[in-house]
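Structure, as structure tokens:
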Amino acid sequence: MSSTDKPTNFLQNIISEDVQSGKTKQLVTRFPPEPNGYLHIGHAKSICLNFGLAQEFGGTCNLRFDDTNPEKESQEYVDAIQKDIAWLGFEWNGEAKFASNYFGQLFEWAQHLVREGKAYVCELSAEESREYRGDFTRPGKNSPYRDRPAEESLDLLDKMKDGELAEGSASLRAKIDMSSGNMNLRDPVLYRIRHVSHHNTGDTWKIYPTYDFAHGQEDSIEGVTHSICTLEFQDHKPLYEWLLESMPVPSQPRQYEFARLNLNYTITSKRKLKALVDSGVVDGWDDPRMPTIAGLRRRGYTAKAIRRLCDMAGVTRSDSVVDLGMLEFAIRDELDKNAPRSMCVLRPLKLVLTNYPEDKTEVMTGPYHPQRDDMGFREMPFSRELWIEQEDFREEANKKFKRLVIGKRVRLRNAYIIEADAAVKDAAGNITEVHARIIENTVGNDPEDGIRAKGVIHWVDAPSAVSCAINLFDRLFTHESPGSGDEDFMEQLNPDSLVELKGCYSEASLAKAEIGKGFQFERQGYFTRDSRSEDLVFNQTIGLRDSQGKFNS
RNA sequence: UGGGGUGUAGCCAAGCGGUAAGGCAACGGGUUUUGAUCCCGUCAUGCGGAGGUUCGAUCCCUCCCACCCCAGCCA
């Protein structure tokens, strides 16, 4: 390996060895979301990992919905998840798969387990079985139903399936070891009764398999070779293997665990994200402040940048919290290279060029990208009245303020250098207008008198400006680790996470901005057109890096 | 407390007995009609701690410490 090669992660190493030794003929992975919410940035890591590994080793990756709990699942989520994965740039093998399509096979295997004396129907209530389970310090006690005849369990299992037994009145449990230090091995529940209709199977089932009973068997049915999940399932691995070894399954997948992606100032818990949506704190699962794939997309993040973040963060087994700055770097880096430039004034202040004829209009040209001629040039009308940014003008300022000041010069981006003369104020003393003069012959040239401008500001021609609205975003939470400790994440919301600006003015060229494209508004940041608004509304993806403390000067 | 796992810079993360990669952030400097980009430079005598083995230890051994996960008929 040369020093410039990217080091491989532990999963790549494991798979590589399995392939070389012939243990793995063809790699098969899977991404197994439960359709109980939208996908978020944390899922993106798992998606990149599973699909990425399949690509790298010439294998395949299945999309399989782990839909074993009908109460929380819905078709809306199934659809959204597929859209997001495709948008991220990945293609699953064949049709999307569903755990629910394997319910028949799973049930037969459950019967097999009972016949083998490895599972039984338990009629303890939920509360009773909690008591029987014991805790970390005390071993559990065997259920009084543990040694009932297999025939009896089989009969009860049928009744459970046929809806003859009430919810909670019975469950199918594996017969393993009630004294195990691993709580998952204390006769885990395999099937529970739920008289609820399922988004895929409707009312045909009255019982549903638990995650533990379903997952490994689904992997086996699909021929998954490497079943990659997050760290919290480490304790389930012995059970995963016990089940696979106890039933006549077609293949033996292996489970491997990695550390999930955590981002500071961000929540990656579907339960909590759903609470934000349900409470109306955000606009929906795709609110641009949400760390969901849909939210990031609406915010203007690209699939490539998200993949880049996952790549930068790496894959390990140690818990970690990635700095949000890394995600911001990923999107800025991509947009800087690819986003066409334009000008937009967020908080307008009228600028009147007193020495510029009222009836005159020139056409200025500016590059779409300062380093990429291939992107071409755009034209901007220029006339006597322009809009500039309120914060770009001060009546007086120190030398660090590199913008417009009375008596000083500044360059209008892609146009003239101007010199300010006066501020017009209303009765309350607010500045309503600035008067300035252009310095002749300074478009594309330095002034002939040698007095150069100290800075550059953006502008928009007033008569041809297009009115628009802009949404500025900040992190949703004020706390680095929302909801940690005894805190309630709902009380750590950032009140300024959304600033809605109306009456902004953009270059005319932006009127037909395409949804899904990223633009740089020079000196402001990157923006994208909102996908849900009829009017011209831009969402701020991310601001420009600001090394000089722009607002302190 | 029983079981499982993890500790390398502010944040990620390589390293697999031969003398601490890389990225993000930060900080200097240069270029610049975006306070952007770009370019150059700085940033762990140190690898959770203490012992031990060895010519040599982030890596091997022992003990200790810290943090994370598990007591759903959630996944």
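Proteins come first, then strands; the chains are lettered A, B, ... in the order of their sequence lines, and each starts at number 1.
- In this structure B/C73 sits in no base pair that meets the Watson-Crick or G-U test at under 3.5 Å.
- Between the side chains of A/Ser320 and A/Ser318, no donor-acceptor pair of N or O atoms lies under 3.5 Å.
- Remark: B/U33 base-pairs with no nucleotide; criterion is Watson-Crick or G-U wobble with both hydrogen-bond distances under 3.5 Å.
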Every protein N/O within reach of nucleotides 10-14 of chain B N/O, cut-off under 3.5 Å:
unit_1	atom_1	unit_2	atom_2	d
B/C11	O3'	A/Val321	O	3.1
B/C11	O2'	A/Val321	O	2.9
B/C11	O2'	A/Asp323	N	3.3
B/C12	OP1	A/Val321	N	3.0
B/C12	O5'	A/Val321	O	3.3
B/C12	O2'	A/Ala313	O	2.7
B/A13	OP1	A/Thr316	OG1	2.8

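- Of the N and O atoms on the side chains of A/Glu127 and A/Tyr132, not one donor lies less than 3.5 Å from an acceptor on the other residue.
- Annotation: side chain of A/Leu353 is in contact with side chain of A/Ile418 (closest heavy-atom distance under 4.5 Å).
- Cation-pi geometry between A/Arg475 and A/Tyr265 is met: under 6.0 angstrom from the ring centre, within 45 degrees of the axis.
- Nearest to the side chain of A/Arg133, among B/G35, B/C73, B/A36, sits B/C73.
- Across all strands shown, B/U1 forms no Watson-Crick or G-U wobble pair with both key distances under 3.5 Å.
- Across the strands present, B/U19 finds no partner; the criterion is a Watson-Crick or G-U wobble pair with both atom distances under 3.5 angstrom.
- Nucleotides B/C11 and B/A44 place their C1' atoms 15 Å apart, quoted to the nearest Å.
- Distance noted for atom P between B/A36 and B/U31: 14 Å (whole Å).
- Annotation: the span from A/Leu386 atom CG to A/Met380 atom CE amounts to 11.5 Å, rounded to 0.5 Å.
- Of the side-chain N and O atoms in A/Arg194, one or more sit less than 4.0 angstrom from OP1 or OP2 of B/C74.
- No hydrogens or angles considered: nothing links the side chains of A/Glu76 and A/Ser74 as a donor-acceptor pair under 3.5 Å.
- Listed nucleotides B/U34, B/A75, B/C73 differ in distance to A/Asn69; the shortest reach to its side chain belongs to B/A75.
- Annotation: B/G17 and B/G30 have their C1' atoms spaced 44 Å apart (nearest Å).
- Remark: the A/Arg30 side chain and the A/His215 side chain contain an N/O donor-acceptor pair separated by less than 3.5 Å.
- Contact annotation for A/Gly325: backbone-only contact, meaning every heavy-atom pair under 4.0 Å involves sugar-phosphate atoms and none involves a base.
- One interatomic measurement links the two molecules: CD of A/Gln371 to P of B/C39, which rounds to 11 Å at whole-angstrom precision.
- Between the side chain of A/His236 and the backbone N or O of A/Tyr211, no donor-acceptor pair lies under 3.5 Å.
- Pair assignment for B/C47: none, as no Watson-Crick or G-U wobble contacts are both less than 3.5 Å.
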Identify all pairs in which a protein N or O lies below 3.5 Å from an N or O of nucleotides 2-4 of chain B, and state each distance.
unit_1	atom_1	unit_2	atom_2	d
B/G2	O4'	A/Phe136	O	3.2
B/G2	N9	A/Phe136	O	3.3
B/G2	N2	A/Gly181	O	2.9
B/G3	N2	A/Asp235	OD1	3.4
B/G3	N2	A/Asp235	OD2	2.5
B/G4	O2'	A/Asp235	OD1	3.4

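- Residue-level contact check: A/Phe233 touches the bases, meaning some heavy atom is under 4.0 Å from a base atom.
- When rounded to the nearest whole Å, the span between CZ of A/Phe382 and C1' of B/U33 equals 14 Å.
- In this model, no donor atom of one side chain and acceptor atom of the other lie less than 3.5 Å apart for A/Asn36 and A/Arg271.
- One interatomic measurement links the two molecules: CG of A/Leu544 to P of B/U37, which rounds to 7 Å at whole-angstrom precision.
- In this structure, CG of A/Asn13 is placed 7 Å from P of B/G15, rounded to the nearest angstrom.
- Distance CE (A/Met380) to P (B/U33): 16 Å, rounded to an integer number of Å.
- Annotation: cation-pi pair A/Lys97/A/Phe65 absent, no NZ/CZ under 6.0 Å from the ring centroid and within 45° of its normal.
- Close to B/C74, at under 4.0 Å from its OP1 or OP2, lies a side-chain N or O of A/Arg192.
- In A/Arg452, the CZ atom is not crowded: 12 or fewer heavy atoms of neighbouring residues, nucleotides or ligands sit closer than 6.0 Å.
- Not a single donor-acceptor pair, N or O on each side, falls under 3.5 Å between the base of B/G35 and the side chain of A/Arg545.
- If you check every strand for non-hydrogen atoms under 4.0 Å, A/Gly455 touches nothing.
- When heavy atoms are screened at a 4.0 angstrom cut-off, A/Arg130 is found touching the sugar-phosphate backbone but no base atom.
- Separating the NZ atom of A/Lys72 from the P atom of B/G72 is a distance of 14 Å, rounded to the nearest angstrom.
- Contact annotation for A/Pro370: base contact, defined as any heavy-atom pair under 4.0 Å involving a base atom.
- With a glycosidic angle further than 90° from 0, B/G49 counts as anti.
- A/Gln520 comes within 4.0 angstrom of a nucleotide base, judged by non-hydrogen atoms across all strands.
- Counting non-hydrogen atoms under 4.0 angstrom, A/Leu239 reaches nothing in the nucleic acid.
- Taking atom C1' in both B/G48 and B/G35, the straight-line distance is 42 Å, to the nearest Å.
- B/A20 and B/A9 are spaced 11 Å apart, taking the C1' atom of each and rounding to whole Å.
- Nucleotides B/A25 and B/C64, compared at atom C1', are 34 Å apart to the nearest Å.
- Note on A/Val443: a base of the nucleic acid sits closer than 4.0 angstrom, heavy atoms only.
- Annotation: B/U42 and B/A50 have their P atoms spaced 30 Å apart (nearest Å).
- Rounded to whole angstrom, the span from the NE2 atom of A/His458 across to the P atom of B/A36 amounts to 15 Å.
- B/C59 is unpaired under the Watson-Crick or G-U wobble criterion, no partner having all donor-acceptor distances under 3.5 Å.
- Between A/Tyr240 and A/Asp219, some side-chain heavy-atom pair lies under the 4.5 Å cut-off.
- Comparing B/G23 with B/C73, their P atoms sit 49 Å apart, to the nearest whole Å.
- Inter-residue side-chain proximity for A/Arg173 and A/Leu190 is flagged as unmet; no heavy-atom pair is nearer than 4.5 Å.
- Side-chain atoms of A/Arg138 and base atoms of B/U1 include no donor and acceptor less than 3.5 Å apart.
- Contact of A/Gln524 with B/U34 (side chain to base): no donor-acceptor pair of N or O atoms is detected under 3.5 Å.
- Residue-level contact check: A/His236 touches the bases, meaning some heavy atom is under 4.0 Å from a base atom.
- Summarising the base pairing, B/U42 is matched to B/A26 through a Watson-Crick or G-U wobble pair whose two defining distances lie under 3.5 Å.
- Computed from coordinates, the A/Asp187 CG to B/A71 P distance equals 16 Å when rounded to whole Å.
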